[in-house]
Amino acid sequence: MQNGGKGKGKYVFVCGLHRSGTSVLGRNIARLENCTGFKNTGILMDEGQCLQDVYPIAAEYGGVGRFGFDPRTHRTETSELLTPENVARLRASWHAYWDNNKTIFVEKTPGNLLMTRFLQAAFPNSYFVVIRRHPVAASMAGQKWTVNVTSLDNLFAHWLHCHELFEADKKYLKHVYELKYEDYVANPAKYHEEIAKFLGTQVPAPPKDDKFRYVVQWPNPGGLRVPESAMEETTAAHNQKYFDRWSKLVQNSLFKGYYRHILRNYEPGFRKFGYSLVKDFNISDEVLRPPVRVSAAIGSLCCHGANLSSFCQRSAVRSKAYVKQRIKTALPAFVLAAIRRARANVSRNSEKSGVYTSH
């Protein structure tokens with residue numbers, strides 16, 4: 001491998017919680033001149049965590065909205081995993097999927113947010129691009145993944161916990177670039193230029209002709225269709241639907257007591273990161289007033305109920321997934337292949353008609 005040796009090239013790690021825009025941002029950074037990312041790996045969203053065996057993946061620690069609560073996911077330069085043998089194996093695992101004729105290597109995994117110091121120790125010439133998405137949008141988008149469904153109370157706590165850990169780690173990093181998802185989707189060209197300058201490269205001219213490929217994406221069996229070379233387009237529309245929903249839940253929902261309870265709990269923490277559960281939605285500050293004791297107790301009880309309900313839903317979905325997996329192992333290979341082709345055709349036809357959306 002031409003540039004796979006230690007100390008050669010730059011390593012770019014795209015960081016941010018699930019549903020924060022890391023995938024599209026990572027793919028677009030990999031399209032910058034002299035950059036290379038993972039393609040056609042056959043694993044979910046071409047994430048680097050699934051291409052190595054040095055450290056456990058986030059799913060083993062609870063998955064979306066919960067993995068960060070396990071202290072083992074916060075890895076630093078003191079990790080016992082940072083042995084010369086493990087570092088060499090990690091590098092080899094990823095360089096097997098990068099274009100080693102390039103000199104800027106891009107890896108994207110949401111859990112990178114809690115591994116920046118670990119990755120910098122393993123790859124000294126590291127650059128970190130960290131994207132944050134509004135906690136309302138990131139959390140509600142995460143709830144769409146039923147296999148990992150989690151209450152908003154838990155998701156808000158997880159968002160805050162993980163970003164606070166990164167804030168503490170940031171002072172140890174040599175090269176960090178941060179941006180907000182909301183700013184990025186509003187003006188991606190600006191941030192592509194800034195990130196290119198940060199990495200010491202430039203944005204290529206748009207291709208006259210381009211090809212497309214499919215990225216493995218859950219739960220879309222046909223995959224997400226993305227351009228090979230051109231920058232992917234972005235939109236703020238996905239955020240807005242979650243913002244509208246949150247506003248209705250706080251002001252008009254039958255369970256508004258629960259939503260106002262978690263709003264009061266997390267508003268101070270989110271404001272430290274430039275977000276608000278009130279001002280960003282034109283909600284009256286009256287919801288921030290301390291409730292009577294009975295209301296506070298009901299809000300706390302609702303949090304426990306929501307967490308229990310989410311646990312039951314996750315358990316049911318995972319049990320169903322387990323049964324499906326057992327059935328798959330019993331079916332002949334040609335039957336499974338036929339089912340996959342049929343699902344792929346349905347998914348791609350839906351995509352062409354505008355039915356499917358990745359957000």
Side-chain angles (χ1 to χ4, degrees), residues 16-22 24-25 64-65 113 130-145 149-164 166-167 178-191 233-307 309-310 357-359:
L17 291 179
H18 294 88
R19 312 299 281 167
S20 293
T22 55
V24 63
L25 177 61
V64 179
L113 188 68
V130 182
I131 185 169
R132 287 199 306 267
R133 187 180 186 182
H134 197 294
V136 164
S139 299
M140 287 187 169
Q143 285 187 311
K144 292 173 65 177
W145 292 347
V149 67
T150 306
S151 70
L152 273 182
D153 175 44
N154 193 87
L155 287 163
F156 283 176
H158 187 259
W159 191 103
L160 199 56
H161 174 72
C162 292
H163 284 289
E164 286 176 340
F166 170 72
E167 283 298 304
E178 298 180 79
L179 70 162
K180 288 185 176 181
Y181 171 91
E182 294 74 26
D183 296 333
Y184 177 60
V185 298
N187 191 356
K190 170 189 173 183
Y191 291 95
E233 297 181 357
T234 59
T235 174
H238 303 298
N239 254 18
Q240 192 58 50
K241 64 181 180 182
Y242 297 123
F243 289 172
D244 292 342
R245 182 183 171 196
W246 172 250
S247 182
K248 291 178 181 178
L249 290 174
V250 172
Q251 299 182 94
N252 304 316
S253 169
L254 181 63
F255 299 101
K256 62 184 179 183
Y258 161 68
Y259 295 108
R260 293 184 179 189
H261 176 77
I262 60 176
L263 179 153
R264 286 187 289 269
N265 283 348
Y266 297 107
E267 176 71 4
F270 289 154
R271 285 196 180 189
K272 294 178 182 178
F273 291 94
Y275 294 111
S276 172
L277 300 174
V278 178
K279 297 184 181 300
D280 295 343
F281 304 90
N282 294 319
I283 296 174
S284 171
D285 285 341
E286 291 183 6
V287 299
L288 292 173
R289 293 178 182 175
V292 297
R293 181 176 300 178
V294 174
S295 297
I298 292 176
S300 180
L301 183 63
C302 286
C303 287
H304 290 299
N307 290 331
S309 175
S310 297
T357 173
S358 62
H359 294 264

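Computed over heavy atoms, backbone and side chain alike; hydrogens, waters and symmetry mates excluded. None of the values given here were measured: they were computed from a predicted structure. Positions are given from 1 along the sequence.
- Inter-residue side-chain proximity for Leu152 and Tyr258 is flagged as met; some heavy-atom pair is nearer than 4.5 Å.
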message: Run Leu249 and Met140 through side chain to side chain contact (heavy atoms under 4.5 Å, CB included) and show every step you take.
response: CA-CA 12 Å; Leu249 290 174; Met140 287 187 169; 3.6 Å; yes
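- Judged purely by atom type and a 3.5 angstrom limit, Asp280 has no side-chain atom pairing as donor or acceptor with the backbone of Tyr275.
- Under the 4.5 Å side-chain criterion, counting only non-hydrogen atoms from C-beta, Ser253 is not in contact with Lys248.
- When all heavy atoms of Ile262 and Leu277 are compared, the pair lying nearest together is O-CD1, 4.4 Å.
- The heavy-atom pair separating Pro188 from Thr234 by the smallest distance is CG-OG1, 3.5 Å.
- Here the shortest heavy-atom pairing between Ser247 and Gln251 reads OG-NE2, 2.8 Å.
- Side-chain atoms of His134 and Asn239 form no donor-acceptor pair, as typed in the model, at a separation below 3.5 Å.
- Residues Glu267 and Ser276 share a closest heavy-atom pair of OE2-OG, 2.6 Å.
- At a threshold of 4.5 Å between non-hydrogen side-chain atoms, the residues Leu25 and Leu179 count as touching.
- By the 4.5 Å heavy-atom criterion applied to side chains, Val278 and Val287 are counted as neighbours.
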Would you tabulate the side-chain donor-acceptor contacts of residues 155-163 under 3.5 Å, counting partners in other chains and residues two or more places apart, or write 'none'?
from	atom 1	to	atom 2	distance (Å)
His158	NE2	Gly68	N	2.8
Trp159	NE1	Arg133	O	3.1
His161	NE2	Gly68	O	3.1

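- In this structure the side chain of Leu288 reaches within 4.5 angstrom of the side chain of Leu263, judged on heavy atoms.
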- prompt: side chain to side chain contact (heavy atoms under 4.5 Å, CB included) between Trp246 and Ile283: does it pass, once the steps are laid out?
  reply: CA-CA 10 Å; Trp246 172 250; Ile283 296 174; 4.2 Å; yes
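- With contacts defined as side-chain heavy-atom distances shorter than 4.5 Å, the pair Lys272/Glu167 does not qualify.
- Annotation: side chain of Val250 is not in contact with side chain of Phe281 (no heavy-atom distance under 4.5 Å).
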